[in-house]
Amino acid sequence: MTTTTQSKYQILPRGEATAILPTGSKHSPITVIGTEPIRSSFDELCLQQAINSRTAPGVTNLVLNPDAHGGYGAPVGCVLVSPTHVYPGPVGVDIKCSMSLLQTSLPADAVIDKQTRRALIDAICERTPTGAGKGQRNAPKSRHVEEALGKRVLTEGASPGVCRELGIPVEWASRCEDSFHVGHDDSTGALALRLEKLLPHIYQFDAKISQLGSYGGGNHFGECEAVEVGDDQRSRDIAKTFGLIDGGIAFLSHCGSRGIGHSLATGQFKSLQAKFEQWDIPLPGKDRELVYAPLGTPEANAYLDDMALGANFATVNHLLINALVLEAFQEVLPGTTGELVYFISHNIARKEIVDNRPAWVHRKGATRAYPAGHFALKGTPFAETGHPILLPGNPQAGSAVMVAEAGAEASCYSVNHGAGRQLGRKAAKRELDQRQVDQSFADADILSNCRQYPIDEAPAAYKDFDEVLRSVKSAGLASEVARLKARFVIKDGDKADD
DNA sequence: ATGTTC
């Protein structure tokens, strides 16, 4: 933390959590989750964005998570709560970027043999392409989606009809944080009207629809995992409710709403920025990416509708990927079955009850964390345990399945969304050695579809996962139920068969 | 993150 920013706020220690209060501000302080080494890693941009966001119109709470860094107007790794306004920045360009986990019936030793793993990698890549712009024509065994079905995906999300059309088990919808999103007036009809209005302005809509069932690039991935449930009885009981099988094979996916979410989000940024300029409204911290709209205005309605359209695509994208991955397993290892453990987002605004009133909870690089007994889990399979939290770490340290604790109330029922970057992409390319990275994967016996593992995505480019988990645990937000250890990874990079 | 230079 530099002196320039330090003069702008006071730090109020609160056990493992800390609060930041902008000097002279009447706002309640920003809650910061993280051990001291984590807190001191926040840079100037991140803190400035946090202060801008906290003091922005209609914002009642702001939480910074241990993996926070600079983002669009608001930090990535924050929770922004407003009962009166919506903010596109704290949702971001990849609307409803999410994690999902599929538990298969296979024991870990069924996926030891290298030839079997290679066959699985090939079978998965034939169905779920990686890379920017890549859609179904790059994957011969993907599902072909006509424009009419694509429109239903955007407006209905994972409805029973859409699931049946795509060969997605209908019951997987009950394993989603949200299986569908409605428009600003809580109707699906509003989304259909909005989509028809938008259609002429969306560049290559058909190409974007054909991206259904694809990973994209960057930090997105698919990963075959060996499941290691914790030794204690509580972890074993919770794992059973979650549907996790100790010593079994699962598949973890990270992806979002692809080109369609990107174009919906950037369209909203441009349109709101033009209006702020036209009306000469000052922006919080003069940040062009911290535009907002008061609820009930045509601008807020349009944003909520576009966010829902993107979120519906992301939801069906994840479920289709899981269906296609299961199909790939069944092709290579006939008789394999699979069940969705959970699907949960880290880039979305949801209407929740905060301090006894409805508010939009924007989670940007933050994961919802409802503990056992939370009223919103009533009637779900997770009412008595809390819902699964899927926290990606890295292929070598593993990823974690966690469950929220009562202490999560302090973070507006949220935890971080992963390890967070240690090195920027440029720094990773400069400082890390490709041969060492590839050797570390070989040493850990982790295969990949890439000839060379993308160096800016190497485990060493991310923060120490155990330190990140300590932050979450010591703040009383969540505890670990199981660790997932990678057996092979699907990433966007130089393909092994090129 | 992204139709990776509308």
Side-chain angles (χ1 to χ4, degrees), chain A residues 45-46 49 67-78 87-100 128-139 145 147 150 154 198-222 253-271 273-274 288-289 306-307 309-311 313-315 317-318 321 345-349 362-367 392 416-421 423-426 428-429 450 454-457 461-462 490-494:
Chain A
L45 174 69
C46 173
Q49 288 185 342
D67 55 346
H69 60 269
Y72 287 84
V76 174
C78 85
Y87 280 81
V91 172
V93 287
D94 191 2
I95 296 168
K96 209 181 181 188
C97 187
S98 313
M99 302 300 306
S100 60
T128 60
T130 59
K134 296 286 167 43
Q136 287 146 7
R137 64 193 169 83
N138 308 91
V145 181
E147 187 171 306
L154 288 170
L198 273 176
L199 223 45
H201 308 289
I202 299 178
Y203 173 78
Q204 289 193 349
F205 182 71
D206 55 339
K208 290 189 167 77
I209 290 304
S210 91
Q211 292 175 342
L212 203 67
S214 68
Y215 277 107
N219 58 7
H220 290 172
F221 66 86
S253 294
H254 176 208
C255 60
S257 49
R258 305 295 333 279
I260 189 71
H262 182 263
S263 78
L264 290 164
T266 52
Q268 281 294 330
F269 275 111
K270 283 177 190 164
S271 137
Q273 283 163 352
R288 276 174 58 78
E289 288 170 340
D306 287 6
M307 183 185 75
L309 291 167
F313 185 93
T315 305
N317 189 33
H318 260 269
I321 282 175
S345 180
H346 46 245
N347 283 4
I348 193 73
H362 305 66
R363 292 190 178 88
K364 172 61 197 165
T367 311
N416 51 309
H417 77 311
R421 282 201 160 271
L423 297 171
R425 292 189 185 279
K426 277 182 195 167
K429 283 174 184 162
C450 301
I455 198 159
D456 51 345
E457 286 293 317
Y462 285 88
I490 310 289
K491 287 289 284 186
D492 177 32
D494 289 344

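Just so we're on the same page: letters track the sequence lines, and every chain starts at 1. Values below: all heavy atoms of this structure, side chains included; hydrogens, waters and symmetry mates excluded.
Distance, A:Y215 OH to B:dT2 C1': 19 Å, rounded to whole Å. Rounded to an integer number of Å, the gap from NZ of A:K96 to C1' of B:dT2 is 20 Å. To the nearest angstrom, P of B:dT2 lies 10 Å from CZ of A:R425. Atoms CZ (A:R258) and P (B:dT4) sit 11 Å apart, rounded to a whole Å. Here the P atom of nucleotide B:dT4 and the NZ atom of A:K429 are 16 Å apart, to the nearest Å. Rounded to whole Å, the distance from NZ on A:K134 to C1' on B:dT4 is 12 Å. In this structure, the NZ atom of A:K208 is 9 Å from the C1' atom of B:dT2, given to the nearest Å. In this structure, A:I95 places its CD1 atom 12 Å from P of B:dT2, rounding to the nearest Å.
The two residues A:I209 and A:L154 have their closest heavy-atom pair at CD1-CD1, 4.1 Å.
Using a 4.0 Å heavy-atom cutoff across all strands shown, A:G261 reaches no nucleic acid atom at all. Looking at heavy-atom distances under 4.0 Å, A:G259 makes contact with sugar-phosphate atoms alone, never a base. Counting non-hydrogen atoms under 4.0 angstrom, A:Y72 reaches a base of the nucleic acid. Residue A:A132 is classed as a base contact, given a heavy-atom separation below 4.0 Å to a base.
Checking side-chain atoms of A:S214 against main-chain N and O of A:G216 turns up no donor-acceptor pair under 3.5 Å.
Here A:H346 and A:H254 bring their ring centres to under 6.0 angstrom of each other.
When each of A:L264, A:I348, A:N347 is checked for a side chain to side chain contact (heavy atoms under 4.5 Å, CB included) with A:M307, only A:I348 meets the rule.
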